[in-house]
Structures are given as C-alpha cells and as structure tokens.
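Some notes on the structure that comes next.
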Amino acid sequence: MDLLEMRWRDALFVHWRVDPAVVAARLPEGLDVATYDGEAWLGVVGFEMTDIRPRGAPVGLSFPELNLRTYVRGPGDHDHAVYFFSLDADDPLGVLVARGLFRLPYYRAEIRLTRDADGAVTLRSRRTSDAPAARFDGTYRPTGEQFVPQEGTLEAFLTENYRFYTGTGTLYYGDISHPPWPLMDATLDIESNTLFAANGFEAPAGDPLVHYSPGVRVTADRIRRTR
C-alpha cells in the first residue's frame with residue numbers, strides 16, 4: 001500500500017556523461033552502475049514537491065527540492081533504479097520526515113523556485129545544514145514539443161525510474177509510482193553549481209543534456225531492507 005502521495009512540478013533534469021568507474025567508486029556494496037551505451041550518468045534534478053501527504057490526509061506539505069543522483073542496478077539485477085548522493089529541501093519538517101521514513105540523505109537548504117511569464121523557471125539553492133556547503137543557481141526554459149520518452153531511449157533511461165536505493169552499510173529500497181514524465185527539450189543557464197564538489201566529484205566535462213517537465217502526480221511506498 002502506498003504511504004505518501006504528492007505532485008512534482010516544473011522539473012529540471014540535467015545530466016552529464018561520466019566514466020562508469022567514477023560512479024562505481026562511490027556506490028555502496030550491493031549496487032552496480034547502470035549504463036546506457038557504456039556510459040554512466042550523473043544528474044542534477046530539481047522540482048517543486050506540492051501537496052505531500054499520507055494517503056487520505058486532508059492537508060499536505062509543499063517545498064522545492066534539488067538532488068544529485070545516478071543510476072544503478074540493485075540486488076537481483078532489478079531494472080535500473082536511482083541512487084541519491086544528496087537531496088536538498090526547503091522545509092525542516094520535510095527533511096526530518098524523509099530522513100526518518102525513507103533514510104534518504106536529505107539536507108536543509110534555502111531554495112527558491114520562481115516562474116517567469118515567458119515560461120522560464122529559476123531555481124536557487126543554498127544548503128544551510130551542517131554538511132558540506134552546496135549551491136546551485138540556474139534558469140531553465142522548455143523548448144520544442146512535449147513528448148513521452150519511448151522505452152529503450154536515453155530519455156527513458158534517465159527519467160523513467162520507479163525504484164530508489166539508499167543507505168551505506170545497510171541497503172534499503174523504496175518504490176514510487178507515476179505516469180511517464182511528459183518531457184520537453186530545454187535550455188539551462190547555470191550561474192553556480194557546487195553539488196559535484198560537495199559530494200566528492202570533479203565537475204564532469206562536456207555539455208549536459210537538459211530536459212523540462214511540467215510535472216506528474218506521484219505515490220511512494222515505504223522503504224524495505226534488501227535481502
């Protein structure tokens with residue numbers, strides 16, 4: 001039975017190609033790097049989480065989130081999933097709940113997500129908790145026609161993930177459910193991004209792949225310990 005329901009809005013997906021060995025060195029035991037055409041990916045993903053509530057609850061929380069993630073295969077060769085290196089959120093209660101219920105590496109941050117009349121979205125994040133400093137300032141804008149990624153494509157590999165893993169010594173997993181992301185190609189102007197350094201990575205070389213989504217409704221189950 002699903003534990004939480006919510007909506008994710010105005011999502012930014014920005015991904016960089018990296019050597020699989022770079023990612024493998026940072027993964028906990030039990031997880032392997034998932035690759036697409038031999039390449040691993042590091043992604044910065046930001047969006048506004050709205051109306052986060054237990055199933056059936058009358059009111060919910062809303063706040064923006066920013067995360068640094070990669071893609072992995074878990075025990076039993078489960079179809080590829082997400083592994084989070086860090087998640088920043090602008091809500092003290094939300095951070096506590098996510099750390100407690102889902103054992104995710106959430107950190108308190110000041111995050112502002114603003115929308116312009118011309119369709120541009122600006123996301124500014126400053127981590128404020130007792131952890132390595134992290135900052136992101138970027139403005140993204142959808143371009144082109146909306147599409148749903150087809151199975152087997154790179155876009156589906158990067159966005160259609162319905163399981164996440166968390167933990168270091170003890171490994172846990174959680175499952176989510178949502179319709180396929182409606183995507184658009186996007187432009188991104190980055191003023192500052194120290195998420196890689198905060199998580200022990202060198203900044204990847206090359207231009208990133210950028211997508212925008214207006215959002216989806218999401219349900220999330222409780223986490224479980226891997227066997």
Side-chain angles (χ1 to χ4, degrees), residues 3-4 6 8 10-16 18 21-31 33 40-50 52 61-72 74 81-114 121-140 161 163-174 176 188 190-204 208 218 220 222-223 225-226:
L3 180 64
L4 296 175
M6 67 201 82
W8 295 345
D10 288 324
L12 166 69
F13 295 94
V14 52
H15 288 93
W16 286 262
V18 293
V22 171
V23 174
R26 299 293 312 283
L27 295 179
E29 184 177 354
L31 296 180
V33 182
W41 293 79
L42 286 174
V44 173
V45 179
F47 47 82
E48 183 180 26
M49 303 174 72
T50 64
I52 310 161
L61 298 172
S62 297
F63 53 83
E65 178 195 299
L66 181 71
N67 64 67
L68 178 66
R69 71 195 213 179
T70 193
Y71 305 97
V72 297
V82 170
Y83 180 78
F84 295 105
F85 293 105
S86 67
L87 305 99
D88 293 296
D90 192 358
D91 186 273
L93 178 59
V95 168
L96 288 175
V97 169
R99 279 185 169 272
L101 286 181
F102 297 102
R103 299 178 183 266
L104 288 165
Y106 265 94
Y107 300 101
R108 178 75 172 90
E110 293 180 354
I111 306 179
R112 296 293 177 267
L113 190 151
T114 58
V121 182
T122 298
L123 193 156
R124 302 186 185 277
S125 176
R126 309 282 190 283
R127 187 176 295 171
T128 58
S129 60
D130 186 16
R135 175 176 176 174
F136 182 90
D137 292 290
T139 298
Y140 50 105
N161 296 275
R163 173 167 291 189
F164 66 85
Y165 288 95
T166 185
T168 50
T170 301
L171 192 63
Y172 297 86
Y173 71 91
I176 65 171
L188 172 65
I190 299 177
E191 296 180 21
S192 178
N193 177 18
T194 65
L195 287 171
F196 294 116
N199 286 279
F201 290 105
E202 293 185 5
V218 181
R222 65 181 178 88
I223 65 166
R225 184 173 178 173
T226 58

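For the single chain, residues carry numbers from 1 onward in sequence order. Remember, it's a predicted structure, so these values are computed and weren't measured experimentally.
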Quick one: does any side-chain atom of [X] pair with a main-chain N or O of [Y] as donor and acceptor, under 3.5 Å?
X: S129; Y: Y107; value: no
X: T70; Y: W41; value: yes
X: T194; Y: R135; value: yes

[atom1]/[X] to [atom2]/[Y] distance, rounded to the nearest 0.5 angstrom?
X: F85; Y: N67; atom1: CZ; atom2: CG; result: 11.0 Å
X: D88; Y: L66; atom1: CG; atom2: CG; result: 6.0 Å
X: I52; Y: L4; atom1: CD1; atom2: CG; result: 8.0 Å
X: F84; Y: N199; atom1: CZ; atom2: CG; result: 12.5 Å
X: R69; Y: F13; atom1: CZ; atom2: CZ; result: 6.0 Å
X: I111; Y: F63; atom1: CD1; atom2: CZ; result: 9.0 Å

Problem - Electrostatic pair R108:D91 at N-O distance under 4.0 angstrom - result: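 Looking at D91 together with R108, the answer is no, because their closest N to O distance does not fall below 4.0 Å.
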
Problem - Salt bridge R126-D90, side-chain N to carboxylate O under 4.0 Å - result: no

Nearest non-hydrogen partners of [X] and [Y], listed with the distance:
X: L195; Y: A134; value: CD2-CB, 3.8 Å
X: T128; Y: E110; value: CG2-CG, 3.7 Å
X: S125; Y: D137; value: N-OD1, 4.5 Å
X: L87; Y: E65; value: CD2-OE2, 3.6 Å
X: G46; Y: Y140; value: O-OH, 4.3 Å
X: Y83; Y: G167; value: OH-O, 3.6 Å

Are [X] and [Y] side-chain neighbours, meaning at least one heavy-atom pair lies under 4.5 Å?
X: V72; Y: L27; value: yes
X: F164; Y: I223; value: yes
X: V44; Y: W16; value: yes
X: L31; Y: L171; value: yes

Practice task
Report the C-alpha separation of V45 and W8 in whole Å, then their side-chain angles, then the decisive distance to 0.1 Å, and conclude whether the side-chain contact (heavy atoms from CB on, under 4.5 Å) test is met.
Solution key: CA-CA 11 Å; V45 179; W8 295 345; over 6 Å; no

Practice task
Consider only side-chain N and O atoms of T122 and T139, and report whether a donor and an acceptor are under 3.5 Å apart.
Solution key: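 Result is yes, a qualifying pair exists.
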
Problem - Stepwise side-chain contact (heavy atoms from CB on, under 4.5 Å) test for L68 and F201 - result: CA-CA 11 Å; L68 178 66; F201 290 105; 4.3 Å; yes

